[in-house]
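Throughout, a chain's letter reflects where its sequence line sits, starting with A, and its residues are numbered from 1.
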Amino acid sequence: MLQPFFQWMQGLAFSKFFLESIWPTPIVQCIHLVAIAVFVGALLMVDLRLLGKGLSDMPLPRVARAAEPWLIGAFVVLVLTGIPQMTSTALKQYYSPFFWWKMEMVLIGVILTVTIRRKLASKDESELGPVLPKMVGLASIALWTSVTIGARLIGLLS
Amino acid sequence: MRTLFEFIDALPSSVSLRESLNAYVYLLTLHVVSMGVVAGIIGFWDMRLAGMALKWVPVTKVQSGLFPWMIGGTVVNALTGFLMVYSQPMRYFPNFWFWTKMGMLVVVAANAAFFHLSIEKTVDEWEHDPVAPFKARLAGYVSLVFWVGIIATGRMTAYSGLVPQWWIDLGLG
């Protein structure tokens with residue numbers, strides 16, 4: 001169903017530019033990787049805190065508020081640097097199971113992060129109980145890890 | 001150095017790892033995942049020292065809370081990195097980006113050691129300060145810049161032909 005859309009992306013002048021020039025693609029890939037590091041740092045700080053680890057002496061809402069701008073900023077950079085990598089190899093992506101796996105995990109990860117994880121992290125810990133925050137922290141780590149694995153496998157196995 | 005790399009290249013364990021269908025896929029994937037953990041945590045540690053993030057968290061709390069995870073990530077990261085080179089030493093030996101990355105790793109290690117042996121000795125006096133002393137901020141900035149370089153040159157290792165002409169002229173490959 002989406003095949004014509006991916007065909008269209010592949011044919012864009014924007015895609016051709018990235019395919020036919022030498023430096024833009026590797027530069028975008030490098031920025032994408034640096035953004036992964038910032039994203040993982042901001043993510044892990046809060047997820048570990050939800051698990052009762054990491055910055056466990058610091059109040060959860062404060063840790064979450066400190067991490068949020070970095071998490072959002074890194075995500076924006078990841079999307080912006082992901083777009084040329086997707087459009088310039090759109091048909092490869094379309095036929096790669098790992099691309100679709102990655103995007104599904106991103107979607108679920110974003111939904112988890114902006115709904116229950118965000119809500120939990122803004123509350124005082126005494127209201128949370130022992131189980132739910134740990135489940136959310138683990139789910140978040142698992143989801144974003146599978147995003148990274150899926151992403152790497154697009155390049156290696158597609 | 002070339003002799004060492006050629007010696008490893010000929011070892012049966014290197015050959016079997018090189019010829020394994022999946023080893024490289026697992027190694028590189030684990031290397032990227034653990035990179036996120038290592039560089040993510042070190043990045044926030046550096047930003048705390050540089051006064052860019054977590055200014056309200058005592059410096060020693062960032063260290064005691066997050067360093068065990070960073071070290072766990074480093075073990076996986078270093079091991080997977082070592083095994084990738086071990087399995088294809090003659091692919092990495094002539095690679096400009098690989099050696100640039102190794103050089104940068106030496107710089108961040110020296111920077112961390114210098115921090116540890118100098119300004120960190122008085123950390124009790126300044127760990128609550130939102131802005132750390134100059135030497136600590138400097139260590140943070142140096143580490144940030146070189147870690148960006150390590151990540152970038154790590155990615156560039158795949159582009160072994162996209163290197164300065166003088167490097168090609170060395171004729172290592």
Engineer: Just checking heavy atoms, which of residues 104-122 of chain A are less than 4.5 Å from chain B?
Structural biologist: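 The residues closer than 4.5 Å to chain B amount to none at all.
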Engineer: In terms of heavy-atom pairs under 4.5 Å, which option from B:Trp147, B:Trp56, B:Tyr159 contacts chain A the most?
Structural biologist: B:Trp56
Engineer: With a 4.5 Å cut-off on side-chain heavy-atom distances among I, L, V, M, F, W and Y, is there a chain of contacts connecting B:Val163 to A:Ile27?
Structural biologist: yes
Engineer: Would you mind checking which part of A:Trp70 comes under 4.5 Å of any heavy atom in chain B, side chain (CB onward), backbone (N, CA, C, O), both or neither?
Structural biologist: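 Answer is side chain: those atoms of A:Trp70 sit under 4.5 Å from chain B.
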Engineer: Sort by residue number and list every residue of residues 22-55 of chain B having at least one heavy atom under 4.5 Å from chain A.
Structural biologist: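 Within residues 22-55 of chain B, the residues that come under 4.5 Å of chain A (heavy atoms only) are B:Tyr24, B:Val25, B:Leu28, B:Thr29, B:Val32, B:Val33, B:Met35, B:Gly36, B:Val37, B:Ala39, B:Gly40, B:Ile41, B:Phe44, B:Met47, B:Met52, B:Ala53, B:Leu54.
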Engineer: Using heavy-atom distances under 4.5 Å, tell me whether A:Leu157 contacts chain B through its side chain, its backbone, both, or neither.
Structural biologist: side chain
Engineer: Taking everything shown except B:Met102 itself, do over 12 heavy atoms lie less than 6.0 Å from its CE?
Structural biologist: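 More than 12 heavy atoms, drawn from other residues, nucleotides or ligands, come within 6.0 Å of this atom.
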Engineer: Using a 4.5 Å cut-off on heavy atoms from C-beta on, say whether the side chain of B:Arg155 contacts that of A:Pro26.
Structural biologist: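 No - every pair of side-chain heavy atoms lies 4.5 Å or more apart.
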Engineer: Pick one of side chain, backbone, both or neither for A:Leu156, based on which atoms fall under 4.5 Å of a heavy atom in chain B.
Structural biologist: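 The side chain, not the backbone.
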Engineer: Heavy atom to heavy atom, less than 4.5 Å: which residues from residues 63-84 of chain B reach chain A?
Structural biologist: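 Within residues 63-84 of chain B, the residues that come under 4.5 Å of chain A (heavy atoms only) are B:Gly65, B:Leu66, B:Trp69.
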Engineer: More than 12 heavy atoms of other residues, nucleotides or ligands under 6.0 Å from OH of B:Tyr92: is that the case?
Structural biologist: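 Check passes, neighbour count above 12.
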Engineer: Do other residues, nucleotides or ligands put more than 12 heavy atoms under 6.0 Å from the CD1 atom of A:Ile22?
Structural biologist: no
Engineer: How many angstroms lie between CG in A:Asp57 and NZ in B:Lys61, if you round to the nearest 0.5 Å?
Structural biologist: 3.5 Å
Engineer: Between A:Leu153 and chain B, which part of the residue has a heavy atom less than 4.5 Å away: side chain, backbone, both or neither?
Structural biologist: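 For A:Leu153, the contact with chain B is made by the side chain alone.
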Engineer: Is the count of non-hydrogen atoms from other residues, nucleotides or ligands lying under 6.0 Å from B:Trp99 atom CH2 greater than 12?
Structural biologist: yes
Engineer: Applying a strict under-4.5 Å side-chain criterion to I, L, V, M, F, W and Y, I'd like to know whether A:Val34 and A:Ile72 cluster together.
Structural biologist: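 No, it is not one cluster - the side chains of A:Val34 and A:Ile72 are not joined through contacts under 4.5 Å.
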Engineer: Could you see if B:Val106 belongs to whatever hydrophobic cluster contains B:Leu144? Use Ile, Leu, Val, Met, Phe, Trp, Tyr and a side-chain cutoff under 4.5 Å.
Structural biologist: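 No, because B:Val106 and B:Leu144 fall into different hydrophobic clusters, even though each may have its own neighbours under 4.5 Å.
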Engineer: What residue, out of A:Ile149, A:Leu33, A:Val63, A:Thr148, has the most heavy-atom pairs lying under 4.5 Å from chain B?
Structural biologist: A:Leu33
Engineer: I'd like to know whether CZ of B:Phe114 has more than 12 heavy-atom contacts from other residues, nucleotides or ligands below 6.0 angstrom.
Structural biologist: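 No.
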Engineer: Could you please state which residues from residues 36-53 of chain A sit under 4.5 angstrom from chain B, measuring non-hydrogen atom to non-hydrogen atom, sorted by number, or 'none'?
Structural biologist: A:Ala37, A:Val38, A:Val40, A:Gly41, A:Ala42, A:Leu44, A:Met45, A:Leu48, A:Lys53
Engineer: Honestly curious: do B:Phe98 and B:Phe7 fall in one hydrophobic cluster under the side-chain, below-4.5 Å linking rule?
Structural biologist: yes
Engineer: More than 12 non-hydrogen atoms from neighbouring residues, nucleotides or ligands closer than 6.0 Å to CZ on A:Phe14, yes or no?
Structural biologist: yes
Engineer: Count I, L, V, M, F, W, Y as connected when their side-chain heavy atoms are under 4.5 Å apart, and connections chain through other members. Are B:Leu4 and B:Tyr86 then in the same cluster?
Structural biologist: yes
